[in-house]
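Below: one structure, written as structure tokens.
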Amino acid sequence: MFKRFSFLMSGISAVLMTMPAGAIAPGADKIGACGSFTASKYRVSGNQLIVKISQRTAYGYLLDWSVKPYGAAGYCFVTNANQTTQWVVRRGPRPETIALGPNEKLFSNLPGYGDVVVNRGQSATGDKQYFLVRPISTARSLTWYARCGNNRDQVYDASGQYVGYDARMSVMFPYVCEFSPLKPNPPLRPQPK
């Protein structure tokens, strides 16, 4: 019984591998074209996208896409020749507003700021590690600081206001302090007399 089943499965997989991709799942190549185009725009990997066929026309396919890390969504039109001729962002940040550099990371839904890009490692003075916070909505960079040598919630905004009391704001602390020259203070130990 098991031999017959494994023979049947190997036969089916051999047939599927010799068939063209369009014969396996109509529009699969269109999903790939839209997904590749969107992934290159947002500089993400394919597993961070969702692409679904919305409508088929005589000229090609209309597909809906979403980029999970940024909460962005839109649609693209892919012709029967696999050319992406239309690509539209319906909601969320556009790719040009979130181009991330090597020391940048996106943090979502910070209270009062929304989605922001944090650029760490600007400078360190005294016990302060400075970093830039760029809200996606304004694209204006603000200088914040963290006290990387102190408690895990020591985060201050551009006006010097302490914001570490809110866990949603202090989520950036481990990222900001990961490569900080400021070392955590060792716990106080009683000194021998």
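All values derive from a computational prediction rather than experimental measurement.
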Test item: R147 and K128 side chains (from C-beta on) under 4.5 Å apart, heavy atoms: yes

How about Y42 and Y70: are their ring centres within less than 6.0 Å of each other? yes

Inter-residue atom distance Q55.CD - Y75.OH, 0.5 Å rounding: 11.5 Å

Residues that Y156 engages under ring-ring contact (aromatic ring centres under 6.0 Å, His included), provided they are two or more places apart: Y145, Y162

Checking S36 side chain against A33 main chain: does a donor-acceptor pair fall under 3.5 Å? no

Approximate separation, where rounding is to 0.5 Å, of N119 CG and N103 CG: 6.0 Å

Report yes if the side chains of L110 and V171 come closer than 4.5 Å at any heavy-atom pair, otherwise no. yes

Close side-chain approach of F37 to W65, heavy-atom, < 4.5 Å: no

Take V176 and Q129 through the test side-chain contact (heavy atoms from CB on, under 4.5 Å) and record every step on the way to the result. CA-CA 8 Å; V176 169; Q129 173 69 50; 4.0 Å; yes

Of all residues at least two apart in sequence or in a different chain, which pass the side-chain hydrogen bond (donor to acceptor under 3.5 Å, both in side chains) check with D157? S159

Any idea which heavy atoms bring P135 and V116 closest together, and the distance? CA-CG1, 3.7 Å

L132 and V118: side-chain contact (heavy atoms from CB on, under 4.5 Å), yes or no, with the steps? CA-CA 6 Å; L132 298 178; V118 171; over 6 Å; no

Is K68 atom NZ crowded by more than 12 heavy atoms from other residues, nucleotides or ligands, each under 6.0 Å away? yes

Give a yes or no on whether the backbone of G60 and the side-chain of T57 come within a donor-acceptor separation of less than 3.5 Å. yes

Please check if L49 and Y61 belong to a single hydrophobic cluster, counting links between Ile, Leu, Val, Met, Phe, Trp and Tyr side chain heavy atoms closer than 4.5 Å. yes

Start with the C-alpha distance between V78 and L63, add both sets of side-chain angles, then the distance that settles side-chain contact (heavy atoms from CB on, under 4.5 Å), and finish with yes or no. CA-CA 8 Å; V78 179; L63 301 109; 3.6 Å; yes

Do Y175 and F131 have side chains that get closer than 4.5 Å, going by heavy atoms? no

Heavy-atom closest pair (D64 atom, S54 atom, distance to 0.1 Å) is OD2-CB, 3.5 Å

I'd like to know if I50 and I31 are part of one continuous hydrophobic network [Ile/Leu/Val/Met/Phe/Trp/Tyr, side-chain heavy atoms within less than 4.5 Å]. no

Do V163 and F107 sit in one hydrophobic cluster, given that two such residues count as connected whenever their side-chain heavy atoms are within less than 4.5 Å of each other, even indirectly? yes

Could you check whether any side-chain heavy atom of M169 comes within less than 4.5 Å of a side-chain heavy atom of P111, counting everything from C-beta outward? yes

Looking at every non-hydrogen atom in both residues, tell me the closest pair between Q86 and V88 and how far apart they are. CG-CG2, 4.2 Å

Atom of C177, atom of A146 and distance for their closest heavy-atom approach: SG-CB, 4.2 Å

Would you kindly check if the NZ (Lys) or CZ (Arg) of K41 is within the cone defined by 45 degrees around the ring axis of W87 and under 6.0 Å from the six-membered ring centre? yes

Locate the shortest heavy-atom distance separating C148 from F173; write the atom from each residue and the value. CA-CZ, 3.8 Å

salt_bridge(R120, E104) N-O dist < 4.0 Å: no

Residue that, paired with K30, satisfies side chain to side chain contact (heavy atoms under 4.5 Å, CB included) out of T84, L62, N82: N82

Counting only N and O atoms by type, is there a donor-acceptor contact under 3.5 Å from the side chain of N80 to the main-chain atoms of A58? yes

Quick check on the hydrophobic clustering: are L106 and V89 connected, directly or via other members, by side-chain heavy-atom contacts under 4.5 Å? yes

